[in-house]
4 protein chains.
Amino acid sequence: MPKLKDQNKVNAIHKATIELVTKTGFSGLKMAEVAKKSGIATGTLYVYYKSKEELINDVYLVTKEEIAGAIINPEYLKDTFYETFKAMWHGYFGYCMQYPEKMLFVEQFIYSGYISEVNIAKADAHFEPLDQFLIQGQQNNHIKDISVEILKAHLQGSVHEIVKMHVRGDIQLEEDGMHICFNMAWDSIKT
Amino acid sequence: MPKLKDQNKVNAIHKATIELVTKTGFSGLKMAEVAKKSGIATGTLYVYYKSKEELINDVYLVTKEEIAGAIINPEYLKDTFYETFKAMWHGYFGYCMQYPEKMLFVEQFIYSGYISEVNIAKADAHFEPLDQFLIQGQQNNHIKDISVEILKAHLQGSVHEIVKMHVRGDIQLEEDGMHICFNMAWDSIKT
Amino acid sequence: MPKLKDQNKVNAIHKATIELVTKTGFSGLKMAEVAKKSGIATGTLYVYYKSKEELINDVYLVTKEEIAGAIINPEYLKDTFYETFKAMWHGYFGYCMQYPEKMLFVEQFIYSGYISEVNIAKADAHFEPLDQFLIQGQQNNHIKDISVEILKAHLQGSVHEIVKMHVRGDIQLEEDGMHICFNMAWDSIKT
Amino acid sequence: MPKLKDQNKVNAIHKATIELVTKTGFSGLKMAEVAKKSGIATGTLYVYYKSKEELINDVYLVTKEEIAGAIINPEYLKDTFYETFKAMWHGYFGYCMQYPEKMLFVEQFIYSGYISEVNIAKADAHFEPLDQFLIQGQQNNHIKDISVEILKAHLQGSVHEIVKMHVRGDIQLEEDGMHICFNMAWDSIKT
DNA sequence: AATGAATGAGTGTTCATTCAT
DNA sequence: TATGAATGAACACTCATTCAT
């Protein structure tokens, strides 16, 4: 957790960290580069974070929360399960298209042991309402009766991979590309 | 006359590289650790690969080819598109479940610039038959008429994410779990 | 009108410096720690001392003067040379036992070049009366006719080492331990 | 403990360490300087010692053993207690005069917590024969019946301080200076 | 070919000192 | 005067790569 000193600096540090980690991975992240990109001195970085690990973990937590907000949004609550799901899916897909670095950052280290399990759990807690929503959909027979974890993995994996290919330039998402993708997602889980 | 290079050593090096990269990422990979895990001296590693980058690229190429083989297999050719697709999907899913490190290794660096574009293209070429198969499926109206790249990304992303959650222990894949996952995959692309 | 500098703060700084230097040596002394232990901000420390070196030198000077006062004291002037010497020796030994950190601090850097020669000389000047006293003892044939510098080194070295072992817990000084030590000191120099 | 690679390098490293520590203390010791003074690269230093602390501790152990050898020497065993003590004292005094840096190095950190207690004890064990010799001297009524630890501290402190003053140039030890100093030492402990 | 000690540029982190408030 | 955030040079330690054997 950063000492609350200058929120502008914290933001700049987060931004720089996300961009650099996306390019080089955690091990390749250089504190000096983070500092430079943030417009501060190396030493100053350590005024805000006492180690590289703490920095990574903090950025992870904040980003995960932001992502949860991109999916779980009061405005997305519609009359039908389908409509709500559609809004949420588009919320997430749109977020990933807009901030692919954040998506990549968050994806990058869950399997590497750099983020503490405690923080992973803490971040996951923000997605609880999503679980509830999906379970209700199952109870009302809107979607297949599959473990929620599998459902989420399936949906998220699809979105991530498509966005990654898009970022790489391997995929040109036409105007209706997003809708086509959504249709695949919906068809895969609907009853 | 011995082979120029000792294939046993090459295999050990590949195995060590894959396991270590999975845990630490490319930047975190230490040549000394690779050597130790391979049972050879540091200097010997450089007899086989002239740099870390070359090592990574070679392992990438070999692994990608192996993966292609897990999908594209004469035995998988069945009477119907559905049956063939099913065999291929299970071939890939099974491979990922068996060798998650290889899946993670290959996934890890495509977006990081460590693998040369030339090698990415070279590896992708092995999947050409898959593209052909999918396009035929579209022409015969078995599956949705969506950019093949998107189709592949969607299917692969789903598989990868599910396997990752399984490896992490967040998902318990019951006996019929694989079939459930396949159903989602098929439902998402079928016409 | 307040004093230019707050003497309470100066005292706190001196105390903190002595305790910390004893534990870590001059190079290991951290200005931030001195400040914290003194109950002031880092920047404030620089209001009182313009550098670490100046701080060390000032503490050295003040402490050396205090030590001189522990030896050279009008109350210690007795009727005989022996009695006076005894009082002085006990004054010094008692001081070292009471303030071993100060003894260690002063001892620590004389051979390290951190204290300027000018300040060493300035501090040594306070011991001039001791030299006179010893010389007189020699002229009156009370003690051996040895270079005063050697005499002082011999006596001081013995006291310091014994106190150090005591502080380390390697020596238990019984009630009469001090007298035994004094007897060694006296026997070594008496004619 | 150093890996036994190249004893010449180990010797050079020890020499450099002792000289530098004497000047700057443990905290001020720079690994890069040790390497340079030893004629090796920084990284090489870490081939021999895995950390600064391990280096210091090893040098301490080796030096302490050497010092023990300077006092406890079969050649010093004479017919009388006095003659033997005299030989030992001169052995130690001579050693300190010849290698004052080693004397200072060893003295420097016992009170600083840098040398592990285990190693201090290990080093002290080499002085056990000296303890036995002094105890016998007490039993045979040659010297005062004082705690051996105090005796050693007294004798050692005197020698160290005199040598330090000599090194600093504050004392000129004439030809017979050593004998004068020995006389003080003997007079202080004889019965 | 195989070895592993040697190298030195590079990285995370610290800390004396400065400076805006 | 007092503060403590900011600075950046410096340092312990690492690691890809080389090279003598």
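Both backbone and side-chain heavy atoms feed into the values below; hydrogens, waters and symmetry mates do not. Every chain is numbered from 1, with letters handed out A, B, ... down the list of sequences.
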query = Can you check the Q7(A) CD to dA5(F) P distance for me, whole Å?
reply = 15 Å
task = Quickly work out the L55(D) CG to dC13(F) P distance and round it to whole Å.
result = 10 Å
ask   = For DNA chain F, what are the stems built from at least three Watson-Crick or G-U pairs in a row, each pair having both distances below 3.5 Å?
value = E:2-21 with F:2-21
inquiry  = Let me spell it out: for each of G39(C) and A41(A), pick the nucleotide of DNA chain F with the closest heavy atom. Which residue's pick is nearer the 5' end?
reply    = G39(C)
query = Whole-Å distance between dA5(E) P and N8(D) CG?
reply = 16 Å
request  = Report the residues that fulfil side chain to side chain contact (heavy atoms under 4.5 Å, CB included) with E66(B), sequence neighbours left out, ordered by chain and then residue number.
outcome  = Y95(B), Y99(B), K102(B)
remark   = residues 25-39 of chain A vs side-chain hydrogen bond (donor to acceptor under 3.5 Å, both in side chains), sequence neighbours excluded, gives E19(A)-K37(A), S27(A)-Y114(A)
remark   = With sequence neighbours left out, the residues meeting side chain to side chain contact (heavy atoms under 4.5 Å, CB included) with E54(C) are Y49(C), K50(C), S51(C)
task = For the pair N119(D) (side chain) and L61(D) (backbone), establish whether a donor and an acceptor sit closer than 3.5 Å, ignoring hydrogens and angles.
result = no
task = Going 5' to 3' through nucleotides 10-17 of chain E, assign each nucleotide B (protein heavy atom under 4.0 Å from a base atom), S (under 4.0 Å only from sugar-phosphate atoms) or - (no protein heavy atom that close).
result = -SSBBSSB
remark   = Taken in chain and number order and not counting sequence neighbours, the residues that satisfy side chain to side chain donor-acceptor pair (under 3.5 Å) with K9(B) are none
inquiry  = Using the rule given for salt bridge (Lys or Arg N to Asp or Glu O under 4.0 Å), can you reason through E65(B) versus K122(B), listing the C-alpha separation, both sets of side-chain angles and the distance that settles it, and then say yes or no?
reply    = CA-CA 10 Å; E65(B) 190 165 354; K122(B) 203 184 290 183; over 6 Å; no
request  = Send over the distance from K36(A) NZ to dT7(F) P, rounded to a whole Å.
outcome  = 15 Å
request  = Check whether any side-chain N or O of Y48(B) sits under 4.0 Å from OP1 or OP2 of dA2(E), and answer yes or no.
outcome  = yes
inquiry  = By the 4.0 Å heavy-atom rule, please label K9(A) as base, sugar-phosphate, or nothing.
reply    = sugar-phosphate
request  = Identify, with sequence neighbours excluded, every residue that meets salt bridge (charged side-chain N to carboxylate O under 4.0 Å, His left out) alongside K52(D).
outcome  = none
task = Assign I40(D) to base, sugar-phosphate, or nothing according to its heavy-atom contacts below 4.0 angstrom with the strands shown.
result = sugar-phosphate
task = Name all residues meeting the side chain to side chain contact (heavy atoms under 4.5 Å, CB included) criterion together with D124(B); count only those two or more places apart in sequence or in a different chain, and write none if there are none.
result = K64(B), I120(B)
task = List in chain and number order the residues that pass side chain to side chain contact (heavy atoms under 4.5 Å, CB included) with V62(C), two or more places apart in sequence or in another chain; answer none if no residue qualifies.
result = H14(C), D58(C)
